[in-house]
Enquirer: 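Below you'll find the structure I mean.
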Amino acid sequence: MEFTELERIRYEKILAMRAAGLEPYPTRAEVNQTTAEAIRAFEKAEAEGRQDPLQAILGGRLRAIRLMGKLAFAHIEDGSGRIQLFFRVNELGEEAMQRFKDQFDIGDYIQASGDMIRTRTGEISLQVHDFKMLAKAITPLPAAKDEVVDGQVVRHATLADPETRYRQRYADLAVNEDVRKIFRTRAAVVSAIRAFLDERGFLEVETPILQPIYGGAAARPFITHHNQLKQDLFLRISFELYLKRLIVGGFDRVYEIGRDFRNEGVSYKHNPEFTQLEYYWAYADYLKVMELTEQMIAFVCDRIFGTRKVTYCGNEIDFNPPWRRVDLRQGLIEKTGIDIQQHPTAESLEAVMLEKGMKFKPGTARGKLIDHLLGEYLEPTFIQPTFLYDYPRDISPLAKNIPGDPSIVERFEGFVGGMELCNAFTELNDPLEQEARFLEMGREYDVEDEERHPMDEDYLNAMSYGMPPQGGFGMGIDRLVMLLTDQRTIREVLLFPHLREREDAS
RNA sequence: GGGCGCGUAGCUCAAUGGCAGAGCAGUGGCCUUUUAAGCCAUUGGUUGAGAGUUCGAUCCUCUCCGCGCUCACCA
């Protein structure tokens, strides 16, 4: 290892410990409770008026050290919180006191045993009788100092550089409590979703990530290769076609929470790999799915926050059902003055868009033009939870048309905070119609356009065995977590967001 | 991929075409109830990398690397 000067000083402390017969990285710890448990136990004993000393063996990372001659104070932090350690030469003896001063630095993991007390200022602390190193830190933590204001830890001049924070997330998490909190919330969100779906009879399944044919969405895939099978494989861009095969197999309600991979640009709301929830629900339709979506998000909010109102980018967002519902055609008429029904061809739609002075890539399919209109004129306006429904079939090859109108499908997307959150439809279950749609989509896109939906013969085969009518649903978990934790970039809710590899070693 | 911005000590940030600074951290000392402890002293820099202009570049120019914002792309 190459050491900086600060690291070399700490390394020399390791050598000094070893020379004195002390192990800087002992195999075992004797910690018998968390700092939070120790504090709770002490408060309970106090309330019961117990006089006998309460003992504890605590472990944690040193976050602050205050040396005061024959006294020393320190704060340690573990996963449950923090507690003050109180070192006094009367209890420890000169030698142990000196050992603490000489060998311990902020960032080290320490084990301390002693009696729980209150200091003169009333802070519950561990009066240390004995201590040992659990793990010596060599690299200093990138945080300067903490202050406790009204019980809240305020970190001064802490790690802020986004590049370092993402590249060394371990350091970011170690010093930034609010970052840890985001990921605790994230775990709680996923757990709440599972509980919600499990309670309603949905079966959690796992389907292939490596797929011979990718489908279920319009996106460019990552390609990999299986050496022994001599076969190219794609990382899935969606779970849809596999989950619906399971519906054919007789599992009436299935869901999967997992990773999708899309070889597209990164942005504040896009990451090449992201976490998706999809469920499929036999005998339901998109209206029932809308209601279940409202209930599911409300359930998650109730369980995590105890309220259905959250703040996102300065807006109070109200997740109480029902969400606003906007008919796609009407919505576009209101916002753009264009009635897509009046423009059944790409040429006609393009003409009116040009007439309105809109900027877009000419020569694209009608579906993509409509998509552009949605993204440009509707999506950013949907701050409060909104369902946009009844999509043109052009951009929805797996959705079933509304009764009596082959040009419109039963599909909705949910928007919150100006961002697409979920997408759902009444699933197309007519194999002949599905085959026609695949062929249609194949014509819409160039042969070399990787976004075109490739024909999935096996999926058609599954459907031709008989697929019940059903509603299907997909939602970006990362985006939901962004909304619920008030983060404006997806990187803040991903533990290890993708960054370009650095070439220079410096 | 295009445009704009940024990169200075371990961390957070200053500064200037002429010896690169502060706070915290670190090191040495004082200190028996501190909590951003305090006080005294002090170490620490290839200013992201490389090239150019210049008597002199951290600053100006160019190239490269990385990050951020933004546009494009993106069910």
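A note on names: the letters A, B, ... follow the listed sequences, proteins ahead of strands, and every chain is numbered from 1.
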Enquirer: Pick base, sugar-phosphate or nothing for A/Lys13, based on heavy-atom distances below 4.0 Å to the nucleic acid.
Expert: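 Answer is sugar-phosphate: A/Lys13 comes under 4.0 Å of backbone atoms only.
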Enquirer: Between the base of B/U34 and the side chain of A/Arg66, is one N or O donor paired with an acceptor at under 3.5 angstrom?
Expert: yes
Enquirer: From the set B/A75, B/C31, B/C74, return the single nucleotide nearest to any side-chain atom of A/Leu67.
Expert: B/C31
Enquirer: Paired with B/U27: which nucleotide, if any, by Watson-Crick or G-U wobble criteria at under 3.5 Å for both distances?
Expert: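 Base-paired to B/A41.
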Enquirer: Establish, yes or no, whether the cationic atom of A/Arg169 lies under 6.0 Å from the six-membered ring centre of A/Phe496 and within 45° of the ring axis.
Expert: no
Enquirer: What nucleic acid atoms does A/Thr119 come within less than 4.0 Å of, heavy atoms only: base, sugar-phosphate, or nothing?
Expert: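 Base, at least one base heavy atom under 4.0 Å.
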Enquirer: Determine the interatomic distance between P on B/G50 and the same-named atom on B/C73; round to the nearest Å.
Expert: 39 Å
Enquirer: For a quick check of understanding: with a heavy-atom distance under 4.0 Å over all strands, which category does A/Gln84 fall into, base, sugar-phosphate or nothing?
Expert: base
Enquirer: Heavy atoms from C-beta onward define the side chain here; which of B/C31, B/C67, B/G26 lies closest to that of A/Asp105?
Expert: B/G26
Enquirer: With a 4.0 Å cut-off on heavy atoms, is A/Leu6 in touch with a base, just the backbone sugar-phosphate, or nothing at all?
Expert: base
Enquirer: Under 3.5 Å, is there an N or O donor on one side and an acceptor on the other linking the side chain of A/Glu123 and the base of B/U33?
Expert: no
Enquirer: Angle between ring planes, A/Phe387 versus A/Trp323, binned at 30° and 60°: parallel, tilted or perpendicular?
Expert: parallel
Enquirer: Whole angstroms only, please: what is the NE2-C1' distance between A/His270 and B/U70?
Expert: 15 Å
Enquirer: Tell me: CZ of A/Phe3 to C1' of B/A9, nearest whole Å?
Expert: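 In whole Å, B/A9 C1' and A/Phe3 CZ are 19 Å from each other.
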Enquirer: A/Asp102 or A/Leu499: which one's nearest nucleotide on RNA chain B is closer to the 5' end?
Expert: A/Asp102
Enquirer: Would you indicate which nucleotide in B/C69, B/C11, B/U32 comes nearest to any side-chain atom of A/Thr489?
Expert: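 Nearest to the side-chain atoms of A/Thr489, counting from C-beta on, is B/C69.
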Enquirer: Within the structure shown, what part of the strands sits under 4.0 Å from A/Gln276 by heavy-atom distance: base, sugar-phosphate, or nothing?
Expert: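 Base contact.
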Enquirer: Take atom C1' in B/A51 and the same atom in B/G5, then report the distance between them in whole Å.
Expert: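 Per the computed distance, 23 Å lies between those C1' atoms.
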Enquirer: For A/Tyr11, does the six-membered ring have the charged nitrogen or CZ of A/Arg8 within the cation-pi criterion, i.e. under 6.0 angstrom from the centroid and within 45° of the normal?
Expert: no
Enquirer: Starting at atom CD1 of A/Ile124, determine the distance to atom P of B/U35, rounded to an integer number of angstrom.
Expert: 19 Å
Enquirer: Heavy atoms under 4.0 Å is the rule here; annotate nucleotides 42-47 of chain B 5' to 3' with B where the base is hit, S where only the sugar-phosphate is, and - elsewhere.
Expert: -SS---
Enquirer: So which nucleotide from B/G26, B/U34, B/U32 ends up closest to the side chain of A/Ile9?
Expert: B/G26
Enquirer: For B/U34, does the base pair up with any side-chain atom of A/Thr121 as donor and acceptor (N or O, under 3.5 Å, distance only)?
Expert: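 Yes, a donor-acceptor pair under 3.5 Å.
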Enquirer: Under a 3.5 Å distance rule, please check whether A/Arg262 uses its side chain to pair with a backbone N or O of A/Ile237 as donor and acceptor.
Expert: yes
Enquirer: Nearest nucleotide by nearest heavy atom, which residue falls closer to the 5' end of RNA chain B, A/Asp161 or A/Gly69?
Expert: A/Asp161
Enquirer: Quick one: is the NZ or CZ of A/Arg325 closer than 6.0 Å to the six-membered ring centre of A/Phe412, and within 45° of its axis?
Expert: no
Enquirer: Watson-Crick or G-U wobble partner for B/C6, using a 3.5 Å limit on both distances?
Expert: B/G66
Enquirer: Counting only side-chain heavy atoms from C-beta out, which of B/C31, B/C67, B/U35 sits nearest to A/His75?
Expert: B/U35
Enquirer: Please find out if less than 6.0 Å separates the ring center of A/Phe425 from that of A/Tyr286.
Expert: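 Here the rings of A/Tyr286 and A/Phe425 have centres that are no less than 6.0 Å from each other.
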Enquirer: Would the A/Phe382 and A/Phe415 ring centres measure less than 6.0 Å apart?
Expert: yes
Enquirer: By the 4.0 Å heavy-atom rule, please label A/Tyr391 as base, sugar-phosphate, or nothing.
Expert: nothing
Enquirer: Which nucleotide, if any, forms a Watson-Crick or G-U wobble pair with B/C55, using both distances under 3.5 Å?
Expert: B/G18
Enquirer: Quantified in whole Å, what is the C1' atom distance between nucleotide B/C31 and nucleotide B/G66?
Expert: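 So the two C1' atoms sit 46 Å from each other.
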Enquirer: Which nucleotide wins on minimum distance to the side chain of A/Glu163, given the candidates B/C74, B/C67, B/U32?
Expert: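 Of all the options, the side chain of A/Glu163 is nearest to B/C67.
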Enquirer: Please give the distance between the C1' atoms of B/U46 and B/U42 as a whole number of Å.
Expert: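 24 Å, rounded to whole Å.
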Enquirer: On the 0 to 90° scale, with breaks at 30° and 60°, tag the A/Phe73-A/Phe86 ring pair as parallel, tilted or perpendicular.
Expert: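 Taking A/Phe86 first and then A/Phe73, their aromatic rings lie parallel (interplane angle under 30°).
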Enquirer: Taking the same atom, C1', in B/U63 and in B/A72, what whole-Å distance lies between them?
Expert: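 Nearest-Å result for B/U63 against B/A72 at atom C1': 25 Å.
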Enquirer: Within the structure shown, what part of the strands sits under 4.0 Å from A/Asn90 by heavy-atom distance: base, sugar-phosphate, or nothing?
Expert: base
Enquirer: Figure out the CZ/P separation between A/Arg63 and B/C11, and round it to whole Å.
Expert: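 In whole Å, B/C11 P and A/Arg63 CZ are 15 Å from each other.
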Enquirer: Rounded to whole angstrom, note down the C1' distance from B/A25 over to B/A57.
Expert: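 To the nearest whole Å, 31 Å.
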Enquirer: At under 4.0 Å between heavy atoms, what does A/Ile237 touch on the DNA or RNA strands: base, sugar-phosphate, or nothing?
Expert: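 Result for A/Ile237 = nothing.
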Enquirer: Check the phosphate of B/C67 against A/Arg500, side-chain N and O only, distance under 4.0 Å to OP1 or OP2. Yes or no?
Expert: yes
Enquirer: Work out how far the P atom of B/A20 is from that of B/U58, and round it to whole angstrom.
Expert: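 So the two P atoms sit 10 Å from each other.
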Enquirer: Which of these passes salt bridge (charged side-chain N to carboxylate O under 4.0 Å, His left out) with A/Asp394: A/Arg411, A/Arg437, A/Arg366, A/Lys368?
Expert: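 That would be A/Arg366.
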Enquirer: Under 30°, 30 to 60°, or over 60°: which ring-plane class applies to A/Phe131 and A/Phe100, parallel, tilted or perpendicular?
Expert: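 Perpendicular: the ring planes of A/Phe131 and A/Phe100 meet at over 60°.
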Enquirer: Taking the side chain of A/Leu159 as heavy atoms from C-beta outward, which of B/C67, B/C11, B/U32 is closest to it?
Expert: B/C11
Enquirer: Would you classify A/Arg491 as touching base, sugar-phosphate or nothing, given that sugar-phosphate means primed atoms plus P, OP1 and OP2, and contacts are heavy atoms under 4.0 Å?
Expert: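 If one applies the 4.0 Å heavy-atom cut-off, A/Arg491 turns out to touch the sugar-phosphate alone, with no base involved.
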Enquirer: Report yes if a side-chain nitrogen or oxygen of A/Lys368 is closer than 4.0 Å to either non-bridging phosphate oxygen (OP1 or OP2) of B/C74; otherwise report no.
Expert: yes
Enquirer: Take A/Tyr459 and A/Met467 through the test side chain to side chain contact (heavy atoms under 4.5 Å, CB included) and record every step on the way to the result.
Expert: CA-CA 11 Å; A/Tyr459 175 66; A/Met467 178 186 279; 3.9 Å; yes
Enquirer: Using the P atoms only, state how far B/A9 lies from B/C59, rounded to an integer number of Å.
Expert: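 Taking atom P in both B/C59 and B/A9, they lie 15 Å apart.
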Enquirer: Name the nucleic acid region contacted by A/Arg10, choosing base, sugar-phosphate or nothing; use a 4.0 angstrom heavy-atom cut-off, strictly under.
Expert: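 If one applies the 4.0 Å heavy-atom cut-off, A/Arg10 turns out to touch nothing in the nucleic acid.
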